[in-house]
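These notes are about the structure you will find just below.
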Amino acid sequence: MAYEFKFPDIGEGIAEGEILAWKVAEGDTVAEGDTLAEIETDKAVVELPSPRSGRVARLHAAEGDVIEVGAVVVTIDEAGGGAPAAGPAPAQVSEAEVPYTGSVVGTLEEAPDEEPAPPAPPPAPAPVPAAAPRAVPSPGASGPVAPEAAPEPGPQVLAMPSVRALAKELGVDLNAIRGTGAGGRILRQDVQDVAEQRAYGVVPPSAAPAGTAGAVAPVAGKVVAVSGQPEATVARLGGVMETGNFGLVERVPFRGVRRTMARRMAESAAKQAQVTTMDDADVTVIRRIREKERAVAEERGVRLTYLAFVIKACTAALQRFPRLNASLEESGDEFVVRHYYNIGVAIDTPSGLVVPNIKAADSKSIFQIAEEVVTLARKAEERSLDLADLHGGTFTITNYGAIGSTYATPIVNYPEVAILGTGRVREVPVVRDGQVVSRLMLPLALTFDHQLIDGAEAARFLNVVIGYLEDPDLLLLEGA
């Protein structure tokens with residue numbers, strides 16, 4: 001009997017997912033619980049387990065397709081089940097090999113108790129052959145230049161077919177990549193990282209992916225001249241290069257976390273009347289506290305950052321201004337005030353922005369908050385965030401000062417109604433008691449939904465936050 005398996009509703013408002021990689025092919029025999037595919041939602045990269053045992057009769061989508069909840073993903077012929085024929089067991093894919101796109105790794109069901117077989121030791125990497133000279137057309141040549149074929153990876157490369165296909169699409173040489181998966185296996189993220197590094201000039205581009213008419217091939221960071229045009233240095237983003245009406249263009253698929261982030265930002269801007277108010281906080285006292293307690297922090301293995309103080313100050317201020325810890329219903333008839341304080345921290349990753357949150361920040365000390373910030377950042381770097389880390393946020397802080405920016409107008413993390421941006425801490429001359437003195441200043445930018453919060457309330461909230469940062473003793477005296 002044929003069983004049509006539909007993409008399940010896994011909650012949290014997830015309406016669709018993108019198929020990153022199929023783990024089965026048509027005709028394969030699967031057992032209940034076997035992984036069918038890896039699917040990226042706007043929350044996580046998840047493994048899709050088989051609900052039945054049988055033979056895979058049909059795959060209803062290709063890798064890269066976006067499927068909606070309720071759409072048929074795969075048809076399983078249950079009559080074709082049974083024990084598979086004797087032969088070598090299929091290689092198990094460890095959790096570390098699940099591709100990561102700047103979001104999180106999770107599963108729809110708990111992983112089986114059995115330990116995966118240890119991976120075979122990686123073979124010695126073969127030397128990368130020197131690139132053959134490329135023929136460059138004369139300036140007077142006309143017509144498109146055929147893209148140079150990417151070198152076929154040798155048998156020594158450990159990578160799944162979907163990863164090989166992605167590398168070919170992005171023009172990345174698998175022989176030049178050191179895999180981060182078990183046994184040196186090359187993962188999708190390894191390929192994507194190289195493509196992104198190459199785009200910013202860290203890694204020279206390799207062969208261009210095949211494209212439509214007008215596609216060109218990059219040579220040592222440049223693009224071959226087309227129709228008499230001079231060579232131009234370009235930053236490749238992994239798309240297909242072609243000639244447009246006025247020059248070279250690159251068509252790049254918009255997928256994964258970046259596309260999800262774009263949709264969320266567009267939704268936020270469309271549903272809220274966002275306004276930003278800015279001010280500076282004198283954090284000279286906090287610097288002295290950090291220096292004084294540096295030894296204690298090191299003993300606890302904690303890096304005491306300004307961000308930890310900002311999170312604590314915001315949590316205390318939110319208790320005095322509960323409307324900033326709320327969400328406005330789409331009907332506009334009521335708003336929901338949250339009397340818990342889960343403070344989101346925006347973390348930049350190679351594939352986009354993720355916002356895990358610190359649960360019950362009001363009940364934690366500055367040391368505990370600092371430790372949790374480090375833990376979340378490390379989990380994001382190691383691609384080990386889980387769905388619980390991302391859910392339930394009530395207010396968000398984005399620290400663009402960490403990358404050297406001073407001022408910005410952050411966009412609210414909808415359905416929250418406010419977000420605080422922190423800029424680069426810098427020493428500047430200010431006037432104190434009629435004297436010009438040097439003080440350490442922290443730029444702050446509070447963006448809020450003007451439908452629910454008026455400018456006076458937002459300004460008062462920001463003033464309270466600044467008061468806590470300039471006089472941290474208030475946090476102790478008020479029991480915040």
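Below, each value reflects all heavy atoms present in this structure, side chains not excepted, and no hydrogens, waters or symmetry copies. Remember, predicted model here, so these are calculated numbers, not experimental data.
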Apply side-chain contact (heavy atoms from CB on, under 4.5 Å) to Ile186 and Arg164, showing your working.
CA-CA 9 Å; Ile186 298 174; Arg164 295 178 185 273; over 6 Å; no
Test side-chain contact (heavy atoms from CB on, under 4.5 Å) on Arg323 and Phe461 and set out the steps.
CA-CA 10 Å; Arg323 221 190 304 258; Phe461 171 84; over 6 Å; no
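- When the shell of 6.0 Å around CD of Glu68 is examined, it contains 12 or fewer heavy atoms from other residues, nucleotides or ligands.
- The side-chain tip of Arg460 does not point at the ring of Phe321 from less than 6.0 angstrom away and within 45° of straight on.
- Of the candidates Asn357, Asn342, Asn413, Asn325, Asn325 is the only one forming a side-chain hydrogen bond (donor to acceptor under 3.5 Å, both in side chains) with Thr394.
- Looking at Lys364 and Glu372, a side-chain N of the basic residue comes within less than 4.0 Å of a carboxylate O on the acidic one, giving a salt bridge.
- The structure places NZ of Lys312 at 10.5 Å from OH of Tyr468, a figure rounded to the nearest 0.5 Å.
- No side-chain N or O of Gln274 forms a donor-acceptor pair with one of Thr447 less than 3.5 Å apart.
- Side-chain atoms of Glu470 come within 3.5 Å of backbone atoms of Asp282 as a donor-acceptor pair (strictly under, hydrogens ignored).
- In this model, no donor atom of one side chain and acceptor atom of the other lie less than 3.5 Å apart for Arg55 and Thr29.
- Checked for salt-bridge contact, Arg52 and Glu78 meet the test: a charged N lies under 4.0 Å from a carboxylate O.
- In this model, a donor atom of one side chain and an acceptor atom of the other lie less than 3.5 Å apart for Thr422 and Asn399.
- Under the 4.5 Å side-chain criterion, counting only non-hydrogen atoms from C-beta, Thr409 is in contact with Met278.
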Evaluation steps, salt bridge (charged side-chain N to carboxylate O under 4.0 Å, His left out), between Glu267 and Arg263
CA-CA 6 Å; Glu267 181 183 27; Arg263 290 180 175 180; over 6 Å; no
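- Between the Thr375 side chain and the Glu371 main chain, a donor and an acceptor come within less than 3.5 Å of each other.
- Between Arg338 and Ser327, the side chains place a donor N or O and an acceptor N or O closer than 3.5 Å (distance only, hydrogens not considered).
- With rounding to the nearest 0.5 angstrom, the OG1 atom of Thr315 is 8.0 Å from the CD1 atom of Ile358.
- A cation-pi arrangement, defined by a distance under 6.0 Å to the six-membered ring centre and an angle within 45 degrees of its axis, is absent between Arg264 and Tyr414.
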